[in-house]
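Only this structure's heavy atoms are used, side chains among them; waters, hydrogens and symmetry mates stay out. Residue numbering restarts at 1 for every chain, and letters A, B, ... go by the order of the sequence lines.
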Number of protein chains: 2
Amino acid sequence: MADDFSDSDALLFLTDAQLRRAIEAMFFAYRGFTADPDRILAEMDYGRAHHRAIHFIQRSPGTTVTNLLAILGVTKQSLNRVLRTLIEDGLVESRVGPRDRRERHLYLTEAGAALEAELSTAQRARMRAAFREAGPEAVAGFRQVLEHMMDPELRRVFAAAREGDR
Amino acid sequence: MADDFSDSDALLFLTDAQLRRAIEAMFFAYRGFTADPDRILAEMDYGRAHHRAIHFIQRSPGTTVTNLLAILGVTKQSLNRVLRTLIEDGLVESRVGPRDRRERHLYLTEAGAALEAELSTAQRARMRAAFREAGPEAVAGFRQVLEHMMDPELRRVFAAAREGDR
DNA sequence: CTTGGAATGTCAACAAGGCTGACGTAGTTT
DNA sequence: AAACTACGTCAGCCTTGTTGACATTCCAAG
């Protein structure tokens, strides 16, 4: 009976209607999530693709192009177009790999780091506000669900980054 | 003192590094969130824009174009291109408004409802799995944070839909 | 009953950012 | 020496967003 109850309890919050609402929430929230950086990026001639590149170079300075391709999940042609403008504009530096000289290792310049900081600050501010309003337990739950929504492969990338943080 | 503790507790989980990780989680999770519908849509000649339109018409049958524009946050030209193909392909029906005949009220046809169901089922399956693995408390927290991440205006739309569910 | 404004649709042109395919050039590995 | 890898690039295409201009239809106010 206790099992029956927990089963029905589990089913209770997994109704299709509630799942649909969660899907919608995800859609609207993502719009909010990108809104502030988008505004900043629009002023320069950049887009979300530039933001993503800058973000992941900030996270892993010296990362290679192939690495970035795997994380971003786009073609090299697509990434290259973005990287080229960032390098031309002096926001990203591309250094020949010290061991394997076919590789290009990517770093943010001072200007690149400045833009990254601006974008990140805006995005973190919204995140921080949402977290504060929702409370610590909500934040823990939020992160758990997000992790389980990822594709397994990306989840490994995500988890691996946690190790790198130390 | 109790207040001091809760303050420092609040600061504890709001470090920039953790906020950055949450931002990344949001990015990766959204990729997972759209992955399954994207695969289905790619087989037909549709994209995410079609999915969004179909979703919100399903949610609010008879909604007007203006309504949809506000929710989706795109220009009417952009939405119209998508709606036109959906109408041509017999997935959406556009009826002249009964009271105000300038308005177009949008409905899913049987075929449209079928596609919507297919997309929604795939997306709900991933959501359901993530929810089950993360547990009920996590789900509650997830939804709270998402709501607080939305722009206030969209949050009102989202909350209003809850009323309409009854 | 006219007129202003709202709702809708549509044409044209453009841009960002995805994609595929093909090819070249270093550099590394076998 | 041959094969493979990492990267860059050219060309062309698609979706989905944008602006601007304009026509139509129709409600509502004067």
Most 5' of B/Thr64 and A/Val74 on DNA chain C, judged by nearest nucleotide: B/Thr64
Return all side-chain donor-acceptor pairs below 3.5 angstrom for residues 39-52 of chain A, not counting sequence neighbours, or 'none' if the list is empty.
| unit_1 | atom_1 | unit_2 | atom_2 | d |
| --- | --- | --- | --- | --- |
| A/Arg39 | NH2 | A/Asp36 | OD1 | 2.6 |
| A/Tyr46 | OH | A/Asp89 | OD2 | 2.3 |
| A/Arg48 | NE | A/Asp38 | OD1 | 3.3 |
| A/Arg48 | NE | A/Asp38 | OD2 | 3.2 |
| A/Arg48 | NH2 | A/Thr34 | OG1 | 3.2 |
| A/Arg48 | NH2 | A/Asp38 | OD2 | 2.9 |
| A/His50 | ND1 | A/Gly47 | N | 3.0 |
| A/His50 | NE2 | A/Thr85 | OG1 | 3.2 |

Give the rounded distance in Å between these two atoms: [atom1] of [X] and [atom2] of [N].
| X | N | atom1 | atom2 | answer |
| --- | --- | --- | --- | --- |
| B/His51 | D/dT16 | NE2 | C1' | 16 Å |
| A/Arg95 | C/dA26 | CZ | C1' | 20 Å |
| B/Leu72 | D/dG17 | CG | C1' | 13 Å |
| B/Leu68 | C/dA7 | CG | C1' | 14 Å |
| A/Leu86 | C/dG17 | CG | P | 10 Å |

Check: B/Glu24/A/His55 side-chain N/O donor and acceptor closer than 3.5 Å: yes
Short side-chain N/O contact to D/dT18 OP1/OP2 from B/Thr75, under 4.0 Å: yes
Side-chain N or O of A/His50 closer than 4.0 Å to phosphate OP1/OP2 of C/dG17: yes
Distance in Å, A/Met149 CE paired with B/Gln123 CD, rounded so as to fall on 0.5 Å steps: 8.0 Å
Within residues 96-106 of chain B, residues whose heavy atoms come under 4.0 Å of DNA chain D: B/Arg99, B/Asp100, B/Arg101, B/Arg102
Proximity to DNA chain D (any heavy atom under 4.0 Å), residues of residues 37-49 of chain A only: none
Cation-aromatic face contact A/Arg126/A/Phe131, 6.0 Å, 45 degrees: no
Salt-bridge present (A/Glu116, B/Arg20; N to O < 4.0 Å): yes
Joint cluster assignment, B/Tyr107 & B/Leu69, ILVMFWY side-chain distance < 4.5 Å: no
Qualifying residues under salt bridge (charged side-chain N to carboxylate O under 4.0 Å, His left out), relative to B/Arg84, sequence neighbours excluded: none
Test salt bridge (charged side-chain N to carboxylate O under 4.0 Å, His left out) applied to A/Arg104 - qualifying residues, sequence neighbours left out: none
Ring geometry between B/Phe56 and A/Phe28 (parallel below 30°, tilted from 30 to 60°, perpendicular above 60°): tilted
B/Phe142 and A/Phe142 aromatic ring geometry - parallel, tilted or perpendicular at 30°/60° bounds: parallel
Do any N or O atoms of the protein come closer than 3.5 Å to N or O atoms of nucleotides 9-13 of chain D, and which pairs are they?
| unit_1 | atom_1 | unit_2 | atom_2 | d |
| --- | --- | --- | --- | --- |
| D/dT9 | OP2 | A/Asn80 | OD1 | 3.0 |

More than 12 heavy atoms of other groups within 6.0 Å of A/Glu153 CD: no
